[in-house]
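Some notes on the structure that comes next.
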Number of protein chains: 2
Amino acid sequence: MGSLKVEDDIVMEKLFEIFRSVGYDGASMSGLAAATGLKKASLYHRFPGGKEEMAHAVLDYIAAWNQSKIVEVLLSSKPAAKRLNVVLDSINELYDGGRLACILRALSHGTAAELFRNEIATIFQTWVAAFTYLANDLGHKPEISERLAESTIIRIQGSLILAQTMQQPGILQSALNDIKTDFLI
Amino acid sequence: MGSLKVEDDIVMEKLFEIFRSVGYDGASMSGLAAATGLKKASLYHRFPGGKEEMAHAVLDYIAAWNQSKIVEVLLSSKPAAKRLNVVLDSINELYDGGRLACILRALSHGTAAELFRNEIATIFQTWVAAFTYLANDLGHKPEISERLAESTIIRIQGSLILAQTMQQPGILQSALNDIKTDFLI
DNA sequence: GTCTATAGCTAGATAGAC
DNA sequence: GTCTATCTAGCTATAGAC
């Protein structure tokens with residue numbers, strides 16, 4: 001005991017959980033320290049830039065998840081309908097079936113709005129591009145594909161807000177089903 | 001000069017602006033005081049419960065706006081299509097064409113999540129009920145009407161998030177147009 | 001790499017004069 | 001009803017021992 005290093009991945013997961021649940025302004029160094037099991041000074045050792053650097057690290061972490069679980073799957077060579085199902089399942093899991101908020105939304109408000117806007121916008125663009133690609137594969141016309149992709153992000157974000165404030169997680173599943181229906185013509 | 005009372009309506013408007021733009025945790029008493037033009041002690045005189053009471057007051061204010069600009073219009077005796085247009089215009093104006101965030105979302109995260117969930121959920125329910133009523137009037141089947149109403153809230157909330165992070169306010173207008181199309185069969 | 005201890009500041013909140 | 005002045009608690013951030 002004492003100076004046994006806490007695993008980077010565990011720290012990232014905990015930071016991710018806190019930011020997503022209380023937001024950027026709602027997260028305090030004390031709270032982040034308690035959640036990770038590290039003391040404040042140790043967190044500053046890993047992230048000299050403090051809270052802002054931690055949030056950037058979490059966004060990098062999410063961008064990587066996004067790349068492997070969404071983009072690479074949607075651009076793979078499996079049957080298009082299969083790709084869609086796998087990705088929607090991953091999304092459902094990411095948000096624990098509608099019970100958990102989206103980290104991108106959590107880092108979009110207050111002080112965080114300007115700090116992380118570019119990174120978040122990039123992630124959204126990546127989603128739209130990947131879903132557009134899938135829609136094309138499924139036989140939609142190009143101009144329809146992009147609208148469908150954008151509508152997918154919109155409905156996921158909107159249904160998450162509603163699911164959480166109404167405490168009806170199923171609202172996310174309904175939205176994911178609607179999305180599936182729209183893609184499969 | 002000195003003890004000239006600042007108008008209640010102006011104070012409410014300013015509190016509304018601050019909470020919507022920086023969120024609950026992002027709003028400080030100093031910032032709220034500066035925005036309203038009052039000193040902190042004066043704000044506490046009007047709102048002994050501090051920030052929490054101010055946010056409740058803002059939600060009451062919004063609920064009233066909602067009642068007069070959304071519910072009463074949707075339940076009025078004008079032609080149904082006309083009602084829809086008027087309401088969508090009001091919504092577009094409320095969010096300054098996609099440039100401003102939704103106060104309900106701003107008060108849905110962090111510390112605020114549990115504090116105001118019931119009030120926010122009630123407002124959402126009011127919207128769903130009113131849009132459901134309109135959809136029925138427009139000839140949709142009852143089970144379709146409620147799905148359409150819920151989808152309306154979802155798409156407005158989702159498109160606002162996207163509009164602001166992408167800094168493309170037009171995303172809201174596109175969503176409102178899609179909504180209009182869906183209602184008018 | 002982790003810790004204890006602490007500096008310096010700003011938060012929310014109150015007392016009391018006018 | 002508004003103000004100045006102030007309190008305490010919590011915040012971000014750092015110094016320095018192990």
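The chains referred to below are lettered A, B, ... by the order of the sequence lines, with proteins before strands, and numbering in each begins at 1.
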How many Å lie between CE on B/Met29 and C1' on C/dC9, as a whole number?
18 Å

Nearest whole angstrom, please: distance from the P of D/dT2 to the CG of B/Leu32.
15 Å

Answer yes or no: does atom [atom1] of [X] have more than 12 heavy-atom neighbours from other residues, nucleotides or ligands under 6.0 Å?
X: B/Glu146; atom1: CD; result: no
X: A/Glu93; atom1: CD; result: no
X: B/Arg147; atom1: CZ; result: no
X: B/Glu143; atom1: CD; result: yes

Which residues in residues 19-27 of chain B have at least one heavy atom lying under 4.0 Å from any atom of DNA chain D?
none

Short of 4.0 Å, heavy atom to strand atom, which residues of residues 33-58 of chain B count as contacting DNA chain D?
B/Leu38, B/Lys39, B/Ala41, B/Ser42, B/His45, B/Arg46

Is the shortest side-chain N to carboxylate O distance from A/Arg155 to A/Asp182 below 4.0 Å?
yes

Nearest heavy atoms of A/Ala55 and A/Tyr24, plus distance in Å:
CB-CE1, 3.9 Å

Aromatic ring pairing A/Phe183/A/Phe131, orientation class (parallel under 30°, perpendicular over 60°, tilted between):
tilted

Any A/Ser30 side-chain N or O less than 4.0 Å from OP1/OP2 of D/dC11
yes

Identified side-chain contact (heavy atoms from CB on, under 4.5 Å) partner of B/Phe16 from the options B/Glu13, B/Lys14, B/Met12:
B/Glu13

